[in-house]
Amino acid sequence: MPAPENSFKRALAQGRPRFGCWLGLCSPYAAEIAARAGFDWLLIDGEHAPNDLPTIAAQLQVIDPLPPQAVVRLPMGEDWAIKQALDAGAQTLLIPLVESAAQAERLVRATRYPPDGHRGMGAALARASRFSEIADYATTANAEICLLVQVETRAGLAALDDILAVDGVDGVFIGPTDLSADMGYPGDPQAPEVRAAIRDALGRIAAAGKAPGILSVDDDEIAAHLEAGARFVAVGIDVTLLAGALRDRARRWSSG
Ligand code: 3PY
Ligand code: MG
């Protein structure tokens, strides 16, 4: 039996738009609500939400049997963290702050078993191999890994064409918040210079045949990103959706 097919990777390769939601509530219960809402993919955020390996694994267990594809964002692209996330059953990873082709190549190798890379062997006791039920996991896992890297600094943008040439990188996600800060507009990803840089980057990623990704919760901006080439687009964040709805309700019925 081979590793499970990564249908998110296939969809991105075919250029189909995929709409997702960011998960920062760190809860399998909340992840199930999002997984039943109708999104194509869900991002379990280990960079800016207090997720650790057990909470990531628990959310993967909930999401995997349901329609959306799970994407795990790690806080950084360290070999050991990548190995643990893959062993926990993640097949699609998003890695922040990639600024060179050499860094992207190291990430590709960290996600692949030898001879294509140096991912440590040990999935026999892991969820990734369904606890050894998938007899052919070691020989079939590499083909189902989807690696998405984040370009979110001026240095990353300067290296974008080199990063796009790295075999094994499936998509490049532009991080508008970090990019705007690095470009001198902290908290203002709408700044015209930032918007132009994002538009140019999304177009270059699409032209290179890789999947361009982005996050926005503004409908007009999402339409512009799609028009510029974006294909995996996060259109919501569970934390801010919940916080906004709760605040609206509390305001409506405020006793003070
Ligand atoms: C960013 O905007 O910097 C992100 O990492 C995610 O949107
Ligand atoms: Mg970022």
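First listed ligand is number 1; within each ligand, the first listed atom is number 1.
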* Would you tell me whether Asp136 and Thr140 have side-chain atoms, one donor and one acceptor, within less than 3.5 Å of each other? => no

* Can you find a pair of side-chain heavy atoms, one from Pro96 and one from Met76, that are under 4.5 Å apart? -> no

* To do: Assess Pro96 for proximity to ligand 1: is some non-hydrogen atom of it under 4.0 Å away?
  => no

* Asked: Do Ile95 and Leu148 touch side chain to side chain, with heavy atoms closer than 4.5 Å?
  -> no

* Do we see a donor-acceptor contact under 3.5 Å between the side chains of Gln69 and Arg18? -> no

* **Listed protein N/O/S atoms, distance to the Mg ion (ligand 2) under 2.8 Å** => Glu152 OE1, Asp178 OD2

* **Residue pairs involving residues 39-89 (criterion ring-ring contact (aromatic ring centres under 6.0 Å, His included); sequence neighbours excluded)** => Phe8-Trp41, Trp41-Phe232

* Asked: Considering residues at least two apart in sequence or located in another chain, which fulfil the side-chain hydrogen bond (donor to acceptor under 3.5 Å, both in side chains) criterion with Thr92?
  -> Asn6

* Structure fact -> Quick look: His48 vs ligand 1, heavy-atom contacts under 4.0 Å, and the answer is neither

* Asked: Looking only at N/O atoms, are Pro176 and ligand 1 under 3.5 Å apart anywhere?
  -> yes

May I have the list of side-chain donor-acceptor pairs in residues 243-256 shorter than 3.5 Å, sequence neighbours left out?
from	atom 1	to	atom 2	distance (Å)
Asp248	OD1	Arg251	NH2	2.7
Ser254	OG	Gly256	N	3.2

* Structure fact -> atom 2 (O) of ligand 1: of Thr177, Ile198, Thr153, the nearest heavy atom sits on Thr177

* Asked: atom 7 (O) of ligand 1: which protein heavy atom is closest, and how many Å away?
  -> Leu215 CD2, 3.2 Å

* Asked: Is any side-chain heavy atom of Ile237 closer than 4.5 Å to a side-chain heavy atom of Leu215?
  -> yes

* To do: Could you tell me whether the side chain of Gln190 reaches within less than 4.5 Å of the side chain of Val194, counting heavy atoms only?
  => no

* **Per-atom contacts of ligand 1 with Asp178, taking only distances under 4.0 Å to non-hydrogen atoms** => 1 (C), 2 (O), 3 (O)

* Asked: Judging by distance only, is a nitrogen or oxygen of Glu152 under 3.5 angstrom from one on ligand 1?
  -> yes

